[in-house]
Amino acid sequence: MKIAIIKPESVNVNPWIPEFRSRGIDVRENMVEPDCDFIICASHSQIAKLEYFHSIYPEIPIINYNWDLYGWVFDHPRGYDWHKYGEYLKKSTEIWCPSEEVVMRSEEFFGVGNKCEIIHTFARFFDADTKDGRYVLQPMRAYTKDKNYGFLRRATQELQIPLVETNHRLNEEEFQKTISECSFMCTEYHEASTGGLTLLEGYRIGKPVVISDSLYMGARDYFGDKAIYFKDGDYESIKRVIKEVWDNTPALNLDDCKELTDRYKLSTMVDKMINRLERLMQQ
């Protein structure tokens, strides 16, 4: 099998390449050749490249890994052409999504839910000496258009609980240290494709996870009943849950944490991708 992967420079995508190659898949990176079996577009940020290569090789099937598609993207597009992206989701033979949230939005916005397959993404796990540094960690960037945005900051201020918001600005050493020393992690948002992969990375080393019970919170797919939930859109609910978890921070069983997070390794993700590609080739 020969595939072309159209990708940005990303710690969440770069590792795909050697993992595919280790399984005997011939991979072309940001280049398409006429004998490629598939073009895999790894991000909505690469839609211009995908459009270019599709114009040259329109017969090669397209697969999009659709990382996120939020309810507010058309009002707050962050510089991306979501309408163009929708065109290429419709042209895709299959769309891979990290969670049910993305499947739902793909159907709501573009009517392509029937093309979607959930392939959970991997997290970059690490070993660390942990301690409780007595602060709450919000691991995601600021989604100011989310209806729950600001709930966590307001609640921790009113409760006089320290809060750390990384906003994706830390280097790797700082990032790991910040996770390993938090008391617990919280993604307050109504909607997020994974809730932030840091939730998985922290959970693996024993850090509890607090998230919204929203149907659009993708972290529900990953954690199930292992997360602690607050009622979506209800400020008093998140404030109450934050206080409860702060006052009685649970000590997680590390074996249980590793058992859950073992599902979200790079090798598992790539195996599922290859399985889907092989099935498509047989059709």
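Just so it is clear, the values below take in all heavy atoms, side chains as well, and ignore hydrogens, waters and symmetry mates. Here the structure is a predicted model, which is why all the values come from computation and not from measurement.
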Are Arg240 and Glu236 close enough for a salt bridge, meaning some N to O gap below 4.0 Å? no
Please tell me whether Ser212 and Ser214 have a donor and an acceptor in their side chains that are separated by less than 3.5 angstrom. no
Can you give me the closest heavy-atom contact between Val27 and Phe20, atom names plus distance? CG2-CB, 3.6 Å
Under the side-chain hydrogen bond (donor to acceptor under 3.5 Å, both in side chains) rule, what do Asp132 and Thr249 come out as? Steps first, then yes or no, please. CA-CA 9 Å; Asp132 186 350; Thr249 306; 4.6 Å; no
Do you know the tightest heavy-atom contact between Ile179 and Gly202? CG2-CA, 3.4 Å
Any side-chain heavy atom of Tyr222 sitting closer than 4.5 Å to one from Leu200? yes
Would you say the side-chain atoms of Ser43 pair up with the backbone N or O of Pro8, donor to acceptor, closer than 3.5 Å? no
For Asn148 and Glu188, indicate whether the former's side chain and the latter's backbone hold a donor-acceptor pair under 3.5 Å. yes
Using a strict threshold of under 4.0 Å (side-chain N to carboxylate O), is an ion pair present between Glu19 and Arg23? yes
Are any non-hydrogen side-chain atoms of Phe175 and Thr198 less than 4.5 angstrom apart? yes
Face-on cation placement of Lys91 at Tyr88 ring, 6.0 Å and 45° thresholds: yes
Using every non-hydrogen atom in the two residues, find where Val13 and Ala42 come nearest and quote the distance to one decimal. CG1-CB, 3.7 Å
Would Gln282 and Glu278 count as having a side-chain donor-acceptor pair, cut-off 3.5 Å? no
Would a distance-only check, ignoring hydrogens and angles, find a side-chain to backbone donor-acceptor pair under 3.5 Å from Gln138 to Met140? yes
Under 30°, 30 to 60°, or over 60°: which ring-plane class applies to Trp67 and Trp16, parallel, tilted or perpendicular? parallel
Just by modelled atom types, is the Val73 backbone N or O under 3.5 Å from a matching donor or acceptor in the Arg78 side chain? no
Side chain of Asp232, backbone of Asp213: donor and acceptor closer than 3.5 Å? no
Which residue is it: Tyr189, Tyr143, Phe230, Tyr235? I am looking for the one with a ring pair (Phe, Tyr, Trp, His ring centres under 6.0 Å) to Phe151. Tyr235
So, Glu100 and Arg105, do they make that salt bridge, N to O below 4.0 Å? no
Polar contact flag, side-chain donor to acceptor under 3.5 angstrom, Ser106-Asn66: yes
Between Ile242 and Phe184, the two heavy atoms sitting closest are CD1-CE1, 3.7 Å
Would you say Glu107's side chain and Gly113's backbone share a donor-acceptor pair under 3.5 angstrom? yes
Answer yes or no: is there a side-chain heavy-atom contact under 4.5 Å between Tyr135 and Glu181? yes
Just wondering, do Phe53 and Ile6 contact through their side chains at under 4.5 Å, heavy atoms? yes
Would you confirm whether the ring centroid of His44 sits within less than 6.0 angstrom of the ring centroid of Trp82? yes
When you look at Tyr85 and Tyr80, which way does the ring-ring contact (aromatic ring centres under 6.0 Å, His included) test go after all the steps? CA-CA 9 Å; Tyr85 189 56; Tyr80 300 118; 9.1 Å; no
Heavy-atom distance under 4.5 Å between the side chains of Tyr65 and Thr121, does that happen here? yes
Pro208 and Ile228 have their tightest heavy-atom pair at CB-CD1, 4.4 Å
Hey, are the side chains of Ile39 and His54 touching, using non-hydrogen atoms and a 4.5 Å cut-off? no
Mind running side-chain hydrogen bond (donor to acceptor under 3.5 Å, both in side chains) on Asn30 and Lys7 for me, showing each step along the way? CA-CA 6 Å; Asn30 287 326; Lys7 56 175 281 299; 6.0 Å; no
Looking at Asp256 and Lys226, is there a salt bridge between them, counting it only when a charged N and a carboxylate O are closer than 4.0 Å? no
Set out, in order, the CA-CA distance, both residues' side-chain angles and the distance that settles side-chain hydrogen bond (donor to acceptor under 3.5 Å, both in side chains) for Tyr70 and Asp146, then state yes or no. CA-CA 9 Å; Tyr70 298 156; Asp146 188 275; over 6 Å; no
Check whether Trp246 reaches the backbone of Thr156 with its side chain - one donor and one acceptor, N or O, closer than 3.5 Å. no
Basic-acidic side-chain contact under 4.0 Å: Lys115, Glu94: no
With distance as the sole test, does Thr187 use its side chain to make a donor-acceptor pair with the main-chain N or O of Gly195 at under 3.5 Å? yes
Closer than 4.0 angstrom, basic N to acidic O: yes or no for Arg28 and Asp26? yes
Any side-chain heavy atom of Met269 sitting closer than 4.5 Å to one from Ile119? yes
Applying side-chain contact (heavy atoms from CB on, under 4.5 Å) to Arg220 and Leu215, what does each step give before you reach the verdict? CA-CA 8 Å; Arg220 289 169 45 132; Leu215 292 177; 3.9 Å; yes
Lys207 side chain vs Ser180 backbone, donor-acceptor pair below 3.5 Å: yes
Checking the side chain of Ser99 only, and the main-chain atoms of Ser193 only, is there a donor and an acceptor separated by less than 3.5 Å? yes
Glu33 side chain near Lys2 side chain, heavy-atom distance below 4.5 Å: yes
